[in-house]
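Quick notes on the structure that follows.
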Amino acid sequence: MDLEETWDQYETIKTFQRLLISWYRKNGRDYPWRKTRDPYAILVSEMMLQQTRIAVVLNRGFYARWMNAFPTWTELAGATEEEVLTVWQGLGYYNRARYLWRTAQIITHDYGGKFPQNLNEVLALPGIGRYSAGAVLSFAFDQSVPILDGNIKRIFSRIFVIEERIDDYIGEKKLWTLAETLLPTLDARSFNSALMELGQTICLPGTPLCASCPVSSLCMASTLGVTNFYPKKREKIHPTLCEETVAIFEKDGQIFLTQEGGSRRRGLWRLPGTSDLDTSKSRELIEFSYSITRYRVRLRVFLADLQHLTEQNGIWIPLNAQEQWPPLGAPYRKAIEYYSQQRD
DNA sequence: AAAGCGGGGCC
DNA sequence: GGCCCAGCTTT
């Protein structure tokens, strides 16, 4: 459905902007990255929040730790990849940390330490797509550049009862056009923030709180009572089950680790696999499941005898000095922590 | 156009 | 268990 058919262009759009922004002034939360106009501090938050909930980034201290370790472009650019991954470990999607690191090097070397304010230059930075570019330009510089994330897709999908799947090209194109059309020239920062806040607290993925929504009277899905049917999405592929066995080798209070190869958790460390270890002769320590991308993995952890250690490349880490551990994939860290506790 | 990429919190 | 999250890059 075209916007022109739904809303009589100008006046309704102005009303929508006004209702949304005034709601946000009363109800917007005061996140650390909303207290600043520093493009670095804002970009760090945007990178961390890609496919990641605010509660995780905030409550588990990722944002504070990062800003403390790397307060500016310069400190980040001067760090090593291992240092960067260590601070990022546990957050997932580790390429994000590398992209941010590479961006810091580009900003310090090519831009004299000043973040560009031109959309195409921002889009050329690694790990920054259309959403993140719009977010930094609107939040840091109050430029009138649209953003579109999961929250905003859901909101627009309901307001305009969009039948196209929001994760397909056609639907995305339509949604971006809406984001451009509805965006005000002035105070884009508040408008963009308000949309995300609305998606986060009112226009929820499950049952939205339409009674508390400032724009419910303009929302077709709410008016028709069909909010639960929107947004439309692609069918999910169900996870593939697989099994993984790893070994804990201990020597002089140290544990043996190998480094991740391939593209998954690249650069992080892990417990060695046990492809050639006869697990029937080893004691199983613990077993649990975790999900990664499209797999559901049953992980079995064995206590192995040193004579079975054939792997050459690896490191030994002190079991009782966690601060000396290198960046580890979350499941392996958990297994080692469990072993460490149980052993005492 | 589709797949790959982590991990956790909540139902 | 599955769902979803302040997405982006690669194939």
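So you know, we letter chains A, B, ... as the sequences are listed, proteins then strands, and number each from 1.
Looking at heavy-atom distances under 4.0 Å, A:Ala135 makes no contact with the nucleic acid at all. Residue contacts shown for A:Ile54 include a base, since a base heavy atom lies under 4.0 Å away. The residue A:Ser263 sits close only to the backbone: its heavy atoms come under 4.0 Å of sugar-phosphate atoms, none of a base. Nucleic acid contact class of A:Trp33 (heavy atoms, under 4.0 Å, all strands): base. In this structure, A:Ser132 reaches the sugar-phosphate backbone alone: every heavy-atom distance under 4.0 Å involves primed, P, OP1 or OP2 atoms, never a base. No contact: A:Gly206 has no heavy atom under 4.0 Å from any strand. Among the protein residues, A:Lys153 comes within range of no part of the nucleic acid, since none of its heavy atoms lies under 4.0 Å from any strand. Counting non-hydrogen atoms under 4.0 angstrom, A:Phe62 reaches nothing in the nucleic acid. A:Tyr131 comes within 4.0 angstrom of a base, heavy atoms only. Within 4.0 Å of A:Arg264, counting heavy atoms only, lie sugar-phosphate atoms of the nucleic acid but no base atom. Across all strands, A:Arg266 comes closer than 4.0 Å to no nucleic acid atom at all (heavy-atom distances).
Atoms CZ (A:Phe288) and C1' (B:dG6) sit 14 Å apart, rounded to a whole Å. Summarising the geometry, the separation between OH on A:Tyr169 and P on B:dA3 is reported as 19 Å, rounded to the nearest angstrom. The distance between atom CG of A:Asn59 and atom P of B:dG7, rounded to the nearest whole Å, is 19 Å. Atom CD1 in A:Ile170 sits about 11 Å away from atom P in B:dA2, given to the nearest Å. Rounded to an integer number of Å, the gap from A:Trp88 CH2 to B:dG7 P is 13 Å. B:dG6 atom P lies 11 Å from atom OH of A:Tyr332, rounded to whole Å. What separates NZ of A:Lys236 from P of B:dA3 is a distance of 13 Å, to the nearest Å. Remark: P of B:dA1 and CD of A:Glu164 are 13 Å apart, rounded to the nearest angstrom.
Residue A:Arg53 is the one, among A:Leu148 and A:Arg53, whose nearest nucleotide of DNA chain C lies closer to the 5' end (criterion: closest heavy atom). Between A:Arg60 and A:Tyr295, the residue whose closest nucleotide on DNA chain B is further toward the 5' end is A:Tyr295.
Contacts between residues 90-110 of chain A and DNA chain B, defined by a heavy-atom separation below 4.0 Å, involve A:Gly90, A:Leu91, A:Gly92, A:Tyr93, A:Tyr94, A:Arg96, listed by number. Of all the residues in residues 18-26 of chain A, not one reaches under 4.0 Å from DNA chain C with any non-hydrogen atom.
Counting only heavy atoms from C-beta outward, the side chains of A:Tyr31 and A:Ser45 never approach each other to under 4.5 Å. You'll find the side chain of A:Thr293 reaches within 4.5 Å of the side chain of A:Arg264, heavy atoms only.
Distances shown here put a side-chain N or O of A:Lys334 below 4.0 Å from the OP1 or OP2 atom of B:dG8.
In summary, A:Arg270 and A:Glu244 engage in a salt bridge, as defined by a charged side-chain N under 4.0 Å from a carboxylate O. A salt bridge is defined here as a Lys NZ or Arg NE, NH1 or NH2 lying under 4.0 Å from an Asp or Glu carboxylate O, and A:Arg130 with A:Glu172 fails to meet this definition.
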Mind listing the side-chain donor-acceptor pairs of residues 317-329 of chain A below 3.5 Å, one per line with the distance, residues two or more places apart or on another chain?
from, atom 1, to, atom 2, distance (Å)
A:Gln322, NE2, A:Glu337, OE2, 2.7
A:Trp325, NE1, A:Pro318, O, 2.7

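For the atom pair CG of A:Asn192 and CD1 of A:Ile147, the computed distance is 4.0 Å after rounding to the nearest 0.5 Å.
Put simply, chain A comes within 4.0 Å of DNA chain C, heavy atom to any atom, from C:dG1 to C:dT9, going 5' to 3'.
Annotation: salt bridge (charged side-chain N to carboxylate O under 4.0 Å, His left out) contacts involving residues 72-91 of chain A, sequence neighbours excluded, comprise A:Glu81-A:Arg98.
A cation-pi geometry, defined here as NZ or CZ lying under 6.0 Å from the six-membered ring centre and within 45° of its normal, does not hold between A:Lys153 and A:Phe156. Seen from the ring of A:Phe62, A:Arg65 counts as a face-on cation partner, given the 6.0 Å and 45° thresholds.
By the side-chain hydrogen bond (donor to acceptor under 3.5 Å, both in side chains) test, A:Arg294 pairs with A:Thr240, sequence neighbours left out.
Comparing C:dA6 with B:dC5, their P atoms sit 23 Å apart, to the nearest whole Å. Separating the P atom of C:dT11 from that of B:dG6 is a span of 15 Å, rounded to the nearest Å.
A donor-acceptor pair under 3.5 Å is formed between the side chain of A:Gln143 and the backbone N or O of A:Gln117. Distance alone, capped at 3.5 Å, places no donor-acceptor pair between the A:Trp73 side chain and the A:Ala77 backbone.
For an aromatic pair to be called close, the ring centres must be under 6.0 Å apart, and A:Phe70 with A:Trp66 satisfies this.
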